[in-house]
Amino acid sequence: MRIAVGSDHAGFDLKATVARHLVGAGHDVVDLGTDTSDVPVDYPRYGEAVGRAVATGRADGGVCVCGTGIGISIAANKVEGIRAALVHDVTTASFARRHNDANVACLGGRTTGPAEAIDAIDTFFTTGFEGGRHQRRVEEITGIESPTAVTRATPAGSLNRTSEEEVP
Ligand code: RB5
């Protein structure tokens with residue numbers, strides 16, 4: 001796979017570890033920065049860069065790392081078509097793929113150790129989406145990206161999306 005990776009200073013060391021591992025496993029890794037842990041940088045631009053690489057098809061998937069993985073996942077998720085998931089371990093990485101069809105895995109350089117991160121990333125890139133009921137839910141997420149879509153509660157209490165309705 002072609003995998004885009006990006007981090008801020010706080011995620012740099014873990015990103016480098018994960019990138020080395022991915023290259024060793026035979027993946028084509030595109031590192032979108034940052035290039036050192038010594039110079040503080042703002043994580044949004046790196047989350048955006050990874051998100052855009054995946055959304056445009058320049059990469060098949062992505063890995064983002066900041067201190068907690070939270071900020072960079074929020075940033076990556078602003079890119080249309082991106083489902084960036086904060087993963088801490090094999091379990092969260094597996095569910096992110098099986099249920100959410102996540103296309104970017106986000107890690108916390110200050111919260112997840114290298115061994116757990118590598119196991120999580122291996123799981124992320126070898127686990128398939130289950131589809132079925134999860135397909136509908138992922139499509140609902142994609143529908144949120146439409147500026148004219150609205151989400152409303154049905155009498156049964158579940159949420160249905162009506163893409164034709166204009167938001168007032
Ligand atoms: C940088 O100190 C830190 O705020 C950043 O890496 C990240 O954890 C934000 O969510």
Side-chain angles (χ1 to χ4, degrees), residues 1-25 27-127 129 134 137-138 140-147 151 159:
M1 289 177 73
R2 190 166 168 85
I3 300 173
V5 301
S7 76
D8 69 355
H9 57 291
F12 173 78
D13 288 345
L14 187 59
K15 179 194 70 173
T17 298
V18 168
R20 266 194 308 275
H21 174 76
L22 289 171
V23 169
H27 295 288
D28 182 6
V29 173
V30 185
D31 191 340
L32 299 173
T34 188
D35 302 324
T36 176
S37 60
D38 295 334
V39 181
V41 292
D42 298 335
Y43 57 80
R45 76 185 71 169
Y46 300 99
E48 178 188 2
V50 171
R52 293 208 187 280
V54 174
T56 58
R58 282 186 286 128
D60 304 308
V63 177
C64 288
V65 194
C66 66
T68 58
I70 295 171
I72 204 162
S73 66
I74 293 171
N77 274 315
K78 295 294 181 188
V79 179
E80 196 170 325
I82 293 305
R83 290 179 299 280
L86 177 57
V87 302
H88 296 292
D89 49 28
V90 165
T91 302
T92 49
S94 172
F95 277 113
R97 288 289 311 129
R98 289 163 49 208
H99 285 197
N100 311 118
D101 199 18
N103 48 18
V104 175
C106 301
L107 295 162
R110 293 171 175 161
T111 57
T112 301
E116 273 195 316
I118 284 170
D119 287 347
I121 291 302
D122 280 346
T123 298
F124 189 84
F125 287 116
T126 55
T127 302
F129 178 48
H134 304 296
R137 294 163 184 170
V138 168
E140 282 190 31
I141 293 172
T142 303
I144 297 168
E145 293 172 345
S146 166
T151 301
L159 290 171

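Whatever order the structure lists them in is the order used to number ligands and atoms, beginning at 1.
The contact set between ligand 1 and A10, taken as ligand atoms under 4.0 Å from a residue heavy atom, comprises 6 (O). Every atom of ligand 1 is numbered from 1 in the order shown, and the set under 4.0 Å from a heavy atom of G67 is 5 (C), 6 (O), 7 (C), 8 (O). Taking every non-hydrogen atom of R110 and a distance limit under 4.0 Å, the qualifying atoms of ligand 1 come out as 1 (C), 2 (O), 3 (C). Interface atoms of ligand 1 facing C66, defined by a heavy-atom separation under 4.0 Å, are 6 (O), 7 (C), 8 (O), 9 (C), 10 (O).
Residue T123 forms a side chain to side chain contact (heavy atoms under 4.5 Å, CB included) with just one option from T91, T92, V90, I118, and that option is V90.
Side-chain contact annotation: D60 with H27, donor-acceptor N/O pair under 3.5 Å absent.
Put simply, SG on C66 and CD1 on I72 are 5.5 Å apart, with the number rounded to the nearest 0.5 Å. A distance of 12.5 Å separates CG in L32 from CZ in R52, rounded to the nearest 0.5 Å. In this structure, NZ in K15 is found 12.0 Å from CG in L22, a value given to the nearest 0.5 Å.
Between I70 and ligand 1, no pair of N/O atoms sits closer than 3.5 Å. Polar contact with ligand 1: present for G71 (N/O pair, distance under 3.5 Å).
What sits closest to atom 8 (O) of ligand 1 on the protein, heavy atoms only, is T68 N, 3.1 Å. Protein heavy atom closest to atom 9 (C) of ligand 1, with residue, atom name and distance, is Y43 CE2, 3.4 Å.
By the criterion of a heavy-atom distance under 4.0 Å, the side chain of D8, and not its backbone, is placed next to ligand 1.
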Stepwise side chain to side chain contact (heavy atoms under 4.5 Å, CB included) test for I121 and L107
CA-CA 9 Å; I121 291 302; L107 295 162; 3.8 Å; yes
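Each salt bridge (charged side-chain N to carboxylate O under 4.0 Å, His left out) pair with one or both residues in residues 83-99, not counting sequence neighbours, appears once here: R83-D101, R97-D101, R98-E130.
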